[in-house]
Structure formats: structure tokens, C-alpha cells
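Heads up, the thing below is written out as C-alpha cells.
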Amino acid sequence: MMLNILLLPVLTDNYIYLVHEPVSGKTAVVDPAVSEPVLMALRYHDWQLDYIFNTHHHPDHIGGNLQLKQATGCKVIGAAIDQSRIPGIDIPLDDGDTFAFGTQTLQIIATPGHTSGHIVYYCAESQALFCGDTLFSMGCGRLFEGSAEQMWQSLQKLKALPGSTRIYCAHEYTQANARFALSLEANNLDLQQRVAEVTTLRAQSQPTLPSTMAQELATNPFLREHSASLRKAVAANDSDSPAKVFAKVRTLKDNFR
Ligand code: ZN
Ligand code: FE
């Protein structure tokens, strides 16, 4: 039975994911920026919170940790190498570890780049990836604590997941990302189609997530360093490595208005 995944929009553009495993009845929350909307949703569904899964230490991802832990007695899960920066951490995990969430298994993948201790949670059975601020729809996280090479390596791990994987990122940045993607690959038909879909969704104040890995491979400029049209758009030389092309895309995005 698949995970039941609810999306809670909070702050300006954050998403908190409330995740319920229906066989065991276990419930988790991914990156609780704040506590109150989570507590309200728990009451509404009559669920008990068992776990917090943190992807990284930024305030808009851990802000609700301690209040939720106090209110529910839940356990906090985060990256072992970031233990000092994850408030209330109980279960530190490393790259390659698995975590039994009720009857389902979460795989921990380290994705340094946005922060040095960033991890993502992948559930093969439910085809779901909780990727925090590493991968966004048509975008990727800014490089606050890592190099472009490191972030590129991290994204290679995510690219290898099945195309059907649903991408649950922590921010609704899709429309701004789409403008940048179009500036590079205006003739990409998949991109045009996705942008039309996103425009309609946002006009109705609907979330654009989850997307899928297949959709991202076809439209996300940060995953398309092999595309001839993208390489041309960023003035890549034939000798430029994929990581170098990625770095060029990241720099262009940082300066894009
Ligand atoms: Zn962040
Ligand atoms: Fe964030």
C-alpha cells in the first residue's frame, strides 16, 4: 500500500509533507518549517506523529522540530554529520542507510551542495523522493556550503532513480525556475508543455508538485548538461565536462533576473 502524502503550504513558498503509512498507521512529517499547521492537520486526520524527517539544517526546514517533539513525543531523524545543527535529533543517519517507516523502507542518500550535510529520503515502494532543497522542479538548490562539482555529483545520484519517481521538493519555486529554463531552451517542447501546465496550476493557486523524475530529466536545465541545445545556450565548449556545464547553468541562474 502506497504512502499517503499530504502537502502543507507554509511561509512564503515552503511545503511541509505530512506522510502517513496506512498499514502500520505510522505518520511522519518532512521538514516542518513551523509546527502549528502540522498539529492542525494531525488533529484533522486523527494521526499521531511518530517521526520528523529533516533534509538539512536551514530554519525553514527545522523551525517546528522542538515544538512538534514536545507536543507529540516524535523522534527526529537527520544527517549524522549535521547532528549539531538539527534541533532535537534522535536518530542520526548516513548515506546508504535505510530506515523502516512502518512497512515501507526509506533510503537515505547524501546530497551535499546546498548544505554540506543535506540528505534526501527515497521510498522505492511508493516511488517518492523527498529532496528538500537539493532538487526543485526545473531548478536546484543554491550552493551555500558546497561546490558545483559536489552538487552535480549529488544530482547524478537522483537522476539514476526511476523516471516514475515523484519529486516532493521543499519549495514552490517552479514558475521562477520555468522562466530561467525557457531562457535557455525555448524550443524544448516538453518544457513548453510543462510551463503551460504550471501556469494554469499557479493561476488557480494550486501546487506544481510533485513532479516526476522523467519530467525533470526532460525540462530541468540542471539535469540536462548533455543536451546540445542547453550546451549551446550556456556557451559550453566541446571539452567542457558535464559538471562544468552544470556549473555554468548554476552561475547563470544566480544572476538571472
Ligand atoms: Zn535550504
Ligand atoms: Fe529551504
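Bear in mind the structure is a predicted one, so any value in this text is a computation, not a measurement.
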In the single-linkage hydrophobic clustering (I, L, V, M, F, W, Y; side-chain heavy atoms under 4.5 Å), do [X] and [Y] co-cluster?
X	Y	answer
Leu158	Leu217	yes
Leu106	Val120	no
Ile91	Ile86	no
Leu129	Leu3	no
Ile62	Val30	no

- Where do Phe99 and Gln107 land on the side-chain contact (heavy atoms from CB on, under 4.5 Å) test, with the steps shown first? CA-CA 7 Å; Phe99 184 80; Gln107 295 172 35; over 6 Å; no
- Message: Going by salt bridge (charged side-chain N to carboxylate O under 4.0 Å, His left out), name the residues that satisfy it together with Arg250, two or more places apart in sequence or in a different chain.
- Response: Asp254
Would you say the side chain of [Y] lies within less than 4.5 Å of the side chain of [X], judging by non-hydrogen atoms?
X	Y	result
Leu135	Leu223	yes
Gln48	Thr72	no
Ile119	Asp95	no
Pro242	His226	yes
Phe246	Cys140	yes
Ile52	Leu68	yes
Thr115	His58	yes
Met138	Phe180	no

When you measure from the side chain of [X] to the backbone N and O of [Y], does any donor-acceptor pair fall under 3.5 Å?
X	Y	answer
Thr165	Leu161	no
Arg224	Thr219	no
Gln175	Val198	no
Thr105	Phe101	no
Ser126	Ala128	no
Tyr17	Cys169	yes
Asn188	Glu185	no
Lys157	Ala110	yes
Asn237	Ser239	no
Asp50	Thr27	yes

Atom pair [atom1] ([X]) and [atom2] ([Y]), whose distance is rounded to the nearest 0.5 Å:
X	Y	atom1	atom2	value
Lys26	Gln104	NZ	CD	14.0 Å
Lys248	Leu230	NZ	CG	11.0 Å
Gln204	Thr199	CD	OG1	11.0 Å
Asn54	Ile77	CG	CD1	8.5 Å

Can you give me the closest heavy-atom contact between [X] and [Y], atom names plus distance?
X	Y	value
Leu49	Cys74	O-CB, 3.5 Å
Leu143	Gly146	CB-O, 3.5 Å
Arg85	Glu145	NH2-OE1, 2.9 Å
Ala170	Phe136	N-CE2, 4.3 Å
Pro210	Arg166	CB-CB, 4.0 Å
Ile81	Ser116	CD1-O, 3.7 Å

With distance as the sole criterion, is a donor-acceptor pair present between the side chains of [X] and [Y] under 3.5 Å?
X	Y	result
Glu172	Thr208	yes
Gln127	Ser164	yes
Glu21	Ser24	yes
Thr55	Asp31	yes

Mark yes when over 12 heavy atoms from residues, nucleotides or ligands other than [X] sit less than 6.0 Å from its [atom1]; otherwise mark no.
X	atom1	result
Gln193	CD	no
Lys159	NZ	yes
Lys253	NZ	yes

- Query: side-chain contact (heavy atoms from CB on, under 4.5 Å) between Leu209 and Ile167: does it pass, once the steps are laid out?
  - Reply: CA-CA 7 Å; Leu209 306 171; Ile167 309 298; 5.8 Å; no
- Message: Working note: Val29 + Val19, criterion side-chain contact (heavy atoms from CB on, under 4.5 Å); need CA distance, chi angles, decisive distance, verdict.
- Response: CA-CA 6 Å; Val29 67; Val19 189; over 6 Å; no
- Write out all pairs satisfying side chain to side chain donor-acceptor pair (under 3.5 Å) with one or both partners inside residues 131-140, taking only residues at least two apart or from two chains. His56-Asp133, His61-Asp133, Thr111-Thr134, His114-Asp133, His118-Thr134, Asp133-His171, Ser137-Arg194, Ser137-Glu216
- Query: In terms of side-chain geometry, is the basic nitrogen of Arg202 or Glu197 positioned less than 4.0 Å from the acidic oxygen of its partner?
  - Reply: no
- Query: With the threshold set at 4.0 Å, does a side-chain nitrogen-carboxylate oxygen contact exist between Arg231 and Asp240?
  - Reply: no
- Message: Taking ring pair (Phe, Tyr, Trp, His ring centres under 6.0 Å) as the criterion, tell me which of Phe130, Phe53, Tyr168 meets it with Tyr121.
- Response: Phe53
- Step by step, work out the side-chain contact (heavy atoms from CB on, under 4.5 Å) result for Leu184 and Val234. CA-CA 7 Å; Leu184 299 180; Val234 303; 4.3 Å; yes
Would you mind writing out the side-chain donor-acceptor pairs for residues 32-47 within the sub-3.5 Å range, not counting sequence neighbours?
unit_1	atom_1	unit_2	atom_2	d
Ser35	OG	Gln67	OE1	3.4
Glu36	OE2	Arg43	NH2	3.4

